[in-house]
Amino acid sequence: MVSVGFSSLPNWGRSVVKVESVDELAKRQLHEIPERYVRSDEERPAIPTTPRRQSDYEQRLPVIDMSKIAHAQHRDKEIRKIAQACEEWGFFQVVNHGIPHSLIDNIKQIGREFFQLPLEKKEKYAVRPGDLQGYGQTFVVSKNQKLDWGNLLGLIMSPSECRDESLWPTEPAGFRENVDAYNTEIKKLAVQLLALIAETLQLPPDFFEKKFGNAYQKMRMNYYPPCLRPDLVLGLSAHADMIGLTLLLQDDEVVGLQIRKDDQWVSVEPISYALVINIGNLIEVMTNGRYKSIEHRAVTNMEKARLSFPVFYAPGFNEEIGPAPELIDENHPCLFRKFIHQDYMKNYFSRGVEGKNSLYEYAGIKN
Ligand SMILES: O=C(O)CCC(=O)C(=O)O
Ligand SMILES: [Fe+2]
């Protein structure tokens, strides 16, 4: 079946299994966590302490000050920091990015209010079979798979033919205006960051921009209700983002995002009004593996709900994706074959969350 939001695109081949809303489950007086949410010993997370200690973060994720990029005397240093962050972490935070704080406050408020609506209201926007947007849980593709302690609302901004306004909540007030305004700002920042990332690799400044002409842009609101046993569950299973770049706004108060660094899970320190940026699988391919798309996950908190707001930014669906010829030489053999973005997307969504292994299975070249 071709879903409404993707009438001009092929079926994504993803079947959705409907599961109970975690928002509702978490409201019940549970004495134990239902089995379907309890992770195996290997997957169970270490939970950051409250109040937070430095050891919760191990090393600190690089923080890029965008206001310095405009100043000749600081620019080179910030560019070097971006290069180092992309090479060593695949992640960094940005501050002074120019997105009005009032807009960021509005997005957080709207997200919180949406998830507090009664279930019947949220279910008007439920994910439909085969679709990638709406209210629900991601990647539930089998009746036996472990479930995430979280719910989400996903909305595609562009291309315009994928934007499905019937799934845009009319409550809380101001939802549409704020989400649109925020996404316009995020797009500007994404364009700026991609040009800087190209610069760090001495690629032509429009190297990424060329592919992002008819960009795919999707916003997600993730809601992780408080959980009786954060040590047994995951808010969001470990995964790598299969897009170009992710720009994530996270909760100021509740720590939850963890990234895999040197085989350890490191929490990302919340910084007020900062955005967390990460390299997605497509940029890993386009940079011939120089910049890696790193696995990450979200953990929950016993007392407080946590919200996060990623915007996923990717090339147009029909773009051919492959390593930059400038980044292939004798010492850096070509690591990936070329493919069409939407073929990869379709393949990815048919698998469910499997870490990032599927990128190499799909497009990796064995040298
Ligand atoms: O909640 C978070 O901080 C992580 C969200 C995330 O990784 C995603 O939605 O892809
Ligand atoms: Fe992610």
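Everything quoted here is computed from the prediction, not taken from an experiment. We count ligands from 1, going down the list as the structure has it; atoms in each ligand are counted the same way. Only heavy atoms go into these numbers, but all of them, side chains included; no hydrogens, no water, no symmetry mates.
Residue nearest to atom 7 (O) of ligand 1, selected from Met221, Arg297, His296: His296 (by heavy-atom distance).
One side chain, Tyr344 or Asn281, offers a donor N or O that lies under 3.5 Å from an acceptor on the other. With 3.5 Å as the limit, one finds no donor-acceptor pair spanning the side chains of Arg163 and Gln133. Of the N and O atoms on the side chains of Tyr273 and Asp105, at least one donor lies less than 3.5 Å from an acceptor on the other residue.
Aromatic ring centroids of Phe336 and Tyr360 lie under 6.0 Å apart.
The proximity of Gln250 to ligand 1, defined as any non-hydrogen pair under 4.0 Å, does not occur for either the backbone or the side chain. Only the side chain of Asp241 comes within 4.0 Å of ligand 1, counting heavy atoms alone; its backbone N, CA, C and O stay farther away. When heavy-atom distances to ligand 1 are checked against a 4.0 Å cut-off, Leu236 comes that close only through its side chain, counted from C-beta outward.
With hydrogens and angles disregarded, a donor-acceptor distance shorter than 3.5 Å links the side chain of Arg176 to the backbone of Trp168. A donor-acceptor pair under 3.5 Å links the side-chain atoms of Lys81 to the main chain of Val63, judged by distance alone.
Looking at atom 10 (O) of ligand 1, its nearest protein heavy atom turns out to be His239 NE2, 3.0 Å. Of the protein's non-hydrogen atoms, the one nearest atom 5 (C) of ligand 1 is Asn222 ND2, 3.4 Å. Looking at atom 2 (C) of ligand 1, its nearest protein heavy atom turns out to be Ser308 OG, 3.4 Å.
The N, O or S atom of Asp241 with the smallest distance to the Fe ion (ligand 2) is OD1. The atom name of the N/O/S atom in His296 closest to the Fe ion (ligand 2) is NE2.
The residues Asp41 and Arg44 are annotated as salt-bridged, a charged nitrogen and a carboxylate oxygen being separated by less than 4.0 angstrom. Using a cutoff of 4.0 Å between basic side-chain nitrogens and carboxylate oxygens, Glu20 and Arg28 are scored as salt-bridged.
Residue contact check: Arg220 has heavy atoms under 4.0 Å from atoms 8 (C), 9 (O), 10 (O) of ligand 1. When each atom of ligand 1 is checked for a heavy atom of Pro310 under 4.0 Å away, the hits are 9 (O).
For Arg306, a nitrogen or oxygen atom sits less than 3.5 Å from a nitrogen or oxygen atom of ligand 1, counting backbone and side chain alike.
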